[in-house]
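Note that these values count all heavy atoms, side chains included, but never hydrogens, waters or copies made by symmetry. Chain letters run A, B, ... following the sequence lines, proteins first, then strands; residues in each count from 1.
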Amino acid sequence: MGRFYITTPIYYVNDAPHVGHAYTTLNADALARWHRLNGDETLFLTGTDEHGQKVADAAAKHDMTPQAWTDRTSARFREAWDALEVSYDDFIRTTEPRHYESVQKFLGAIYENGYIYKGVYQGLYCVSCEDYYTVEASDHGNCPIHGRPLTEMEEENWFFRLSAFEDRLIEYYDAHPGFVTPETKRNEAYAFIKGGLRDISITRTSIAWGVPVPWDERHVFYVWYDALINYLTAIGYGRDDDRVAAWWPSSHHLIGKEIIRFHCVWWPAMCLAAGLEPPSHVQVHGWLLVGGQKLSKTMAAEGGVKLTDIAPVTLTEEFGVDPLRYYLLRETALGNDGEFSYEGITQRYNTDLANNLGNLVARVATVVGSKCAGVAPAPDPRSELAAIAASTVETAASAWEHFAPHAALEATWGLIGATNAYLERHAPWKMAPGEPVDRVLGDALEVIRLVAVLVSPAMPGVARELWRRLGLAGSPTDELAHESLVWGRYPGGIAIEKGEPLFPRINEAR
RNA sequence: GGGGCCGUAGCUCAGUGGUUAGAGCAGGGGACUCAUAAUCCCUCGGUCGUGGGUUCGAUCCCCACCGGCCCUACCA
């Protein structure tokens, strides 16, 4: 038993919560739930990034103060996560006083350590991006993102001496092989560092909506530099050193591949500059790409649908919260790009959830009803399923430890499949009531109990419902995994509930 | 311009310097009828993008090319 501190990126409030945000957040949630189940002291942090010119502009457009505006837009994320049963322990907003305090202390420490200096930034500026581009990065003098002409500008800025950390970053990477996973992403970051680092400008005078620079009131910190520090704010940086010391060594950042630079290069360098160890682990995930006919047809007016156009709620209305969670976790290995499609989620729902798990529960309940008068028998301690269950638990546990929810679920469905086959072989529905029937059905019920616990990080609602139908008191997460994920704990002798189909099949090819 | 990733069965993806390259789904056949027209068993199916090279031997290593994609310093 240890500690597990997992974070998502903080989401930019101007975006509406979409499936991409949900993908990251739900993976973090499942990992957090697994670790709690194992008795680890767990801290799961998410939140919103609320500074920058774009936020100030959006607020002005709605005739609101930036604070009032972000109060509203930040709440959308909380609501989305609550609807998806995301069990965050802390929701941080970069506009909170605690964050201002930590940012100023953290960057103040870097300043005092001599890694921040004043310079003049000269370059081609894009007003929409609020950023500069080099001539090479520009599109013939136009912004590569917005296509607008870039203007030549000069601004006095404070710079972070990133270039001073090349060697120390390389050393850190060499000494911590698991710092960034998967390995291909680690190599990407490593190669970038080896390629040479330039100093980066970290303040702005042209913007007011940000954290003031403590030693130069005319400046505010540029959004990214304040945003990263949220991971430390939440554990009390600058306010509670003991808490930082307790949690920071167990930190895991879950991020999308587009922000590798910030998390795998800048952020560890910033930590070193402030006199702190870098975070212990960054887990990078890939992107969900929209595929399939359904989404493209119905949701794209013109051009392709973007994942960012899809709100998680519209999917939960159609499939339910747990099936959506299952699909996002099961379909794609964390770290790889994956495909997100209407057809894909429908297929996962029908095959894995309805046909395999849901049908297993239904058929077992029916036979218990007809052969055991609805009273559950106990499992056989020496059942052939016991060994399969044990290896399933081992595989799943190892997968969760390695940030591989899809593998944990895959293993669990292997056990479900073995149990369906086991029933086929013994055909309890053909046997006369008695001890042999009881053994077979008790074994199947025990598998369902184990499955309830095993799927609880991914599908907490389904886990609770399975538990209830089995006639068990409390919830599947009341006991720690090492106690509950052991063959033979199902007591039997209790009335079970048949209930409606857990996952009614989705027919028709919509 | 620079850097990187990917291309393996109809689909989504695993995988390893060495005997017959795997899974799930889809397809085909059979069994069963407890169950959500579900389940179980068997089965079809791949010149591992193309062309070279290294090697006793490459899908896996190197080079080039073709095709798709990403990053280039604020969109999960």
**Asked** Below 4.5 Å, heavy atoms only, C-beta onward: do S163(A) and Y115(A) meet side chain to side chain?
**Response**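 S163(A) does not reach Y115(A) side chain to side chain.
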
Using a 4.0 Å heavy-atom cut-off, does [X] contact any base of the nucleic acid, only the sugar-phosphate backbone, or nothing at all?
| X | value |
| --- | --- |
| D49(A) | nothing |
| W266(A) | base |
| I260(A) | nothing |
| L254(A) | nothing |
| G20(A) | base |
| G417(A) | sugar-phosphate |
| F262(A) | sugar-phosphate |

**Request:** May I have the distance from E500(A) (atom CD) to rA35(B) (atom P), rounded to whole angstrom?
**Result:**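 Going from E500(A) (CD) to rA35(B) (P), I get 14 Å.
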
**Request:** Measure from CH2 on W413(A) to C1' on rU39(B) and round the result to the nearest Å.
**Result:**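 After rounding, the gap between these two atoms is 16 Å.
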
Separation between the [atom1] atoms of [N] and [M], rounded to whole Å:
| N | M | atom1 | value |
| --- | --- | --- | --- |
| rU19(B) | rG28(B) | C1' | 30 Å |
| rU8(B) | rC13(B) | P | 9 Å |
| rU50(B) | rC66(B) | C1' | 7 Å |
| rC25(B) | rA14(B) | C1' | 15 Å |

**Request:** Could you encode protein contacts along nucleotides 4-16 of chain B as a string, one character per nucleotide from 5' to 3', using B for base contact, S for sugar-phosphate-only contact and - for no contact, with a heavy-atom cut-off of under 4.0 Å?
**Result:** S-------SSS--

**Item:** Set of side-chain hydrogen bond (donor to acceptor under 3.5 Å, both in side chains) partners for N355(A), sequence neighbours left out
**Value:**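 Partners of N355(A) by the side-chain hydrogen bond (donor to acceptor under 3.5 Å, both in side chains) criterion, ordered by chain and then number, come out as R505(A).
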
**Which residues share a side-chain hydrogen bond (donor to acceptor under 3.5 Å, both in side chains) with W209(A), sequence neighbours left out** =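 With sequence neighbours excluded, W209(A) shows a side-chain hydrogen bond (donor to acceptor under 3.5 Å, both in side chains) to no residue whatsoever.
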
**Prompt:** Are there more than 12 heavy atoms of other residues, nucleotides or ligands under 6.0 Å from atom CD of E401(A)?
**Reply:**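 Above 12, so yes.
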
**Message:** Measuring to OP1 and OP2 of rU39(B), would you say a side-chain N or O of N356(A) lies under 4.0 angstrom away?
**Reply:**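 Indeed, a polar side-chain atom of N356(A) lies that close.
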
**Request:** Kindly say if R261(A) contacts the phosphate of rC71(B), meaning a side-chain N or O under 4.0 Å from OP1 or OP2.
**Result:**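 No, outside the criterion.
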
Pair up each side-chain donor or acceptor in residues 319-330 of chain A with any protein partner under 3.5 Å, not counting sequence neighbours, and list the distances.
{"residue": "D322(A)", "atom": "OD2", "partner": "G461(A)", "partner atom": "N", "Å": "3.0"}
{"residue": "D322(A)", "atom": "OD2", "partner": "V462(A)", "partner atom": "N", "Å": "2.6"}
{"residue": "R325(A)", "atom": "NE", "partner": "A458(A)", "partner atom": "O", "Å": "2.7"}
{"residue": "R325(A)", "atom": "NH1", "partner": "D29(A)", "partner atom": "OD2", "Å": "2.9"}
{"residue": "R325(A)", "atom": "NH1", "partner": "L84(A)", "partner atom": "O", "Å": "2.8"}
{"residue": "R325(A)", "atom": "NH1", "partner": "E85(A)", "partner atom": "O", "Å": "3.1"}
{"residue": "R325(A)", "atom": "NH2", "partner": "D29(A)", "partner atom": "OD2", "Å": "2.6"}
{"residue": "R325(A)", "atom": "NH2", "partner": "P457(A)", "partner atom": "O", "Å": "3.0"}
{"residue": "Y326(A)", "atom": "OH", "partner": "D352(A)", "partner atom": "OD2", "Å": "2.6"}
{"residue": "Y327(A)", "atom": "OH", "partner": "E339(A)", "partner atom": "O", "Å": "3.3"}
{"residue": "Y327(A)", "atom": "OH", "partner": "S341(A)", "partner atom": "N", "Å": "3.2"}

**Item:** RNA chain B: 5'-proximal contact among R348(A) and T25(A) (nearest heavy atom)
**Value:**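 Per heavy-atom nearest nucleotide, the more 5' residue is R348(A).
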
**Request:** Starting from the 5' end of RNA chain B, give me the residue, K257(A) or N359(A), whose nearest nucleotide shows up first.
**Result:**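 Its nearest nucleotide lies further toward 5', so the answer is N359(A).
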
**Asked** For R76(A) and E79(A), what are the C-alpha separation, side-chain angles and deciding distance, and is it a salt bridge (Lys or Arg N to Asp or Glu O under 4.0 Å)?
**Response** CA-CA 5 Å; R76(A) 297 184 303 184; E79(A) 286 158 13; over 6 Å; no

**Request:** Go through T8(A) and Y88(A) one step at a time and tell me if the side-chain hydrogen bond (donor to acceptor under 3.5 Å, both in side chains) criterion holds.
**Result:** CA-CA 10 Å; T8(A) 72; Y88(A) 56 85; over 6 Å; no

**Item:** Options rC75(B), rU36(B), rA73(B), nucleotide nearest the side-chain atoms of A362(A)
**Value:**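 From the listed options, rU36(B) comes nearest.
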
**Prompt:** Are any of the side-chain nitrogens in R186(A) or E183(A) under 4.0 Å away from the carboxylate oxygens of its partner?
**Reply:**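 Salt bridge between R186(A) and E183(A), a charged N being under 4.0 Å from a carboxylate O: no.
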
**Asked** Dot-bracket for RNA chain B, 5' to 3', counting Watson-Crick or G-U wobble pairs under 3.5 Å, with [ ] for crossing pairs and | for inter-strand pairs?
**Response** (((((((..((((....[...)))).(((((.......))))).....(((((..]....))))))))))))....

**Request:** Check whether any side-chain N or O of E166(A) sits under 3.5 Å from a backbone N or O of G196(A) as a donor-acceptor pair, and report yes or no.
**Result:**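 No.
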
**Asked** Counting distance only, does the side-chain N/O of D443(A) pair as donor-acceptor with the main-chain N or O of D380(A) below 3.5 Å?
**Response**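 Yes; judged by distance alone, with no hydrogens or angles, the pair exists.
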
**Message:** Tell me if the centroids of the rings in W267(A) and F179(A) come within less than 6.0 Å of each other.
**Reply:**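 Judged by ring-centre distance (under 6.0 Å), W267(A) and F179(A) do not meet the cut-off.
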
**Item:** Aromatic ring pairing F77(A)/Y11(A), orientation class (parallel under 30°, perpendicular over 60°, tilted between)
**Value:**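 F77(A) and Y11(A): parallel rings.
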
**Prompt:** Quick one, which residues of residues 420-431 of chain A touch RNA chain B with a heavy atom under 4.0 Å?
**Reply:**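 N420(A), A421(A), E424(A), W429(A), K430(A) - these, ordered by number, are the residues of the stretch whose heavy atoms sit under 4.0 Å from the strand.
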
